[in-house]
2 protein chains.
Amino acid sequence: MTGTSPDFAARLRSAGLRPTRQRVALARVLFGAGHRHVTAESLHAEVKATRIPVALATVYNALNQFRDAGLLHEVVVAPGRSYFDTNTGHHHHFFVENDGELHDFPADKVTIAGLPAPPRGTRLSRVDVVVRVRR
Amino acid sequence: MTGTSPDFAARLRSAGLRPTRQRVALARVLFGAGHRHVTAESLHAEVKATRIPVALATVYNALNQFRDAGLLHEVVVAPGRSYFDTNTGHHHHFFVENDGELHDFPADKVTIAGLPAPPRGTRLSRVDVVVRVRR
DNA sequence: CAAGTACTTTAGAATAATTCCAAAGATGAA
DNA sequence: TTCATCTTTGGAATTATTCTAAAGTACTTG
Ligand SMILES: [Mn+2]
Ligand SMILES: [Mn+2]
Ligand SMILES: [Zn+2]
Ligand SMILES: [Zn+2]
């Protein structure tokens, strides 16, 4: 086994966060495989399955801290619930309205032309495209 | 005074809703002038100012019914709060992240090219573009 | 390594937005 | 006018999220 498992502790440290047992466990679930879209509840369920005890409040704390540190993006597509996205690159989303599923698609193939100038006194922050679909 | 004030009662009836005192009062506030983006709370505050008593639960009921009847669109741009939009036409939004303000812009000048095909088994429902800006 | 301090976790209480409930009131068809 | 149906309403309930303060852990320093 010479697998190069990412060093989550180091990644947390360089984000200015102490690599505690629960933050490392959460980072492992979040960043261990491909990109993910999670809710606080779904992440809590997953991390509990790893047998490392993490309170739901800690999941909320960590998600907000990871987001503030730039490790996650928060995606708002449905009322009443936040999705956190491990894909922090430039991309957009399909949202399956039936089951609340989110799917990424890269932004570099998408061209948006003809956007008006931002309202006076404001600076562009980001452009989010949500393609809503139904089964 | 020969002003042609829109007949809100009729509009409600043809949407399949009884024109009750509170639904008419809400419709007047919502549809009496140009396009609006309201929250349940903000609409409740406005309608109360007209001295017609309307419970907050009724505002929620009416907003959901108006939306289901196609008189309003629900816009989700910020976590924890829903905006209801009297503009049901094809358009997109600037969202001023600082103060939670929404501004419309028409969709007909905007061109979106290169969108991938919807995930198999799904049909396109609508494409929402949110341009996030900051002051 | 021992201490000390600052940061973290946590259970449970608190908030905020929204929905539910069951009783009282209003609407419209007959 | 009558009556069945729909609507409103205050307050309780629900859901997602944040707050609090006490107990625990991680880094710094000696
Ligand atoms: Mn948050
Ligand atoms: Mn709703
Ligand atoms: Zn994504
Ligand atoms: Zn709008």
**OP:** Show which residues join V76(A) in its hydrophobic cluster (side-chain heavy-atom contacts under 4.5 Å, direct or indirect), or state none.
**Re:** V76(B)
Original post:
Nearest 0.5 Å, what's the CG-CG distance between D85(B) and L102(B)?
Top reply: 7.5 Å
Subject >> Atom-pair distance (CZ on R67(A); C1' on dT18(D)), nearest Å >> reply: 12 Å
Subject >> Integer-rounded Å distance: dT19(C) P and H44(B) NE2 >> reply: 15 Å
Original post:
Can you tell me how far C1' of dT10(C) sits from CD1 of I52(A), to the nearest Å?
Top reply: 16 Å
**OP:** Enumerate the residue pairs fulfilling side-chain hydrogen bond (donor to acceptor under 3.5 Å, both in side chains) with a member in residues 9-35 of chain A, sequence neighbours excluded, ordered by first and then second residue.
**Re:** R23(A)-Q65(A), H35(A)-N87(A)
Subject >> Rounded distance (Å) that lies between atom P of dT18(D) and atom CD of E41(A) >> reply: 13 Å
Subject >> Length of the line joining L26(A):CG and dT8(C):P, which is rounded to integer Å >> reply: 14 Å
Subject >> Presence of Y60(B) side-chain N/O under 4.0 Å of dT18(C) phosphate oxygens OP1/OP2 >> reply: yes
Original post:
With a 4.0 Å cut-off on heavy atoms, is S82(B) in touch with a base, just the backbone sugar-phosphate, or nothing at all?
Top reply: sugar-phosphate
Subject >> ring pair (Phe, Tyr, Trp, His ring centres under 6.0 Å) involving H44(B) - partner list, sequence neighbours excluded >> reply: none
Original post:
Do the side chains of V77(A) and L72(A) join up, straight or via other hydrophobic residues, at under 4.5 Å, putting them in one cluster?
Top reply: no
Original post:
Should the pair Y83(A) and F95(A) be assigned to parallel (<30°), tilted (30 to 60°) or perpendicular (>60°) ring geometry?
Top reply: perpendicular
Original post:
Do you reckon F105(A) sits in the same ILVMFWY cluster as V127(B), going by side-chain contacts under 4.5 Å, direct or chained?
Top reply: yes
Original post:
When the C1' atoms of the five terminal pairs at each end define the local axes, what inter-axis angle does the helix from dC1(C)-dG30(D) to dA30(C)-dT1(D) show, to 10 degrees?
Top reply: 30°
**OP:** Heavy atoms under 4.0 Å is the rule here; annotate nucleotides 7-15 of chain D 5' to 3' with B where the base is hit, S where only the sugar-phosphate is, and - elsewhere.
**Re:** SSBB-----
Subject >> Residue of the set E101(B), H37(B), H103(B) for which side-chain hydrogen bond (donor to acceptor under 3.5 Å, both in side chains) holds with H93(B) >> reply: H37(B)
Original post:
How many Å lie between CG on L12(A) and P on dC27(D), as a whole number?
Top reply: 10 Å
**OP:** With sequence neighbours left out, write down each residue that passes salt bridge (Lys or Arg N to Asp or Glu O under 4.0 Å) with R126(B), or none if nothing qualifies.
**Re:** D128(B)
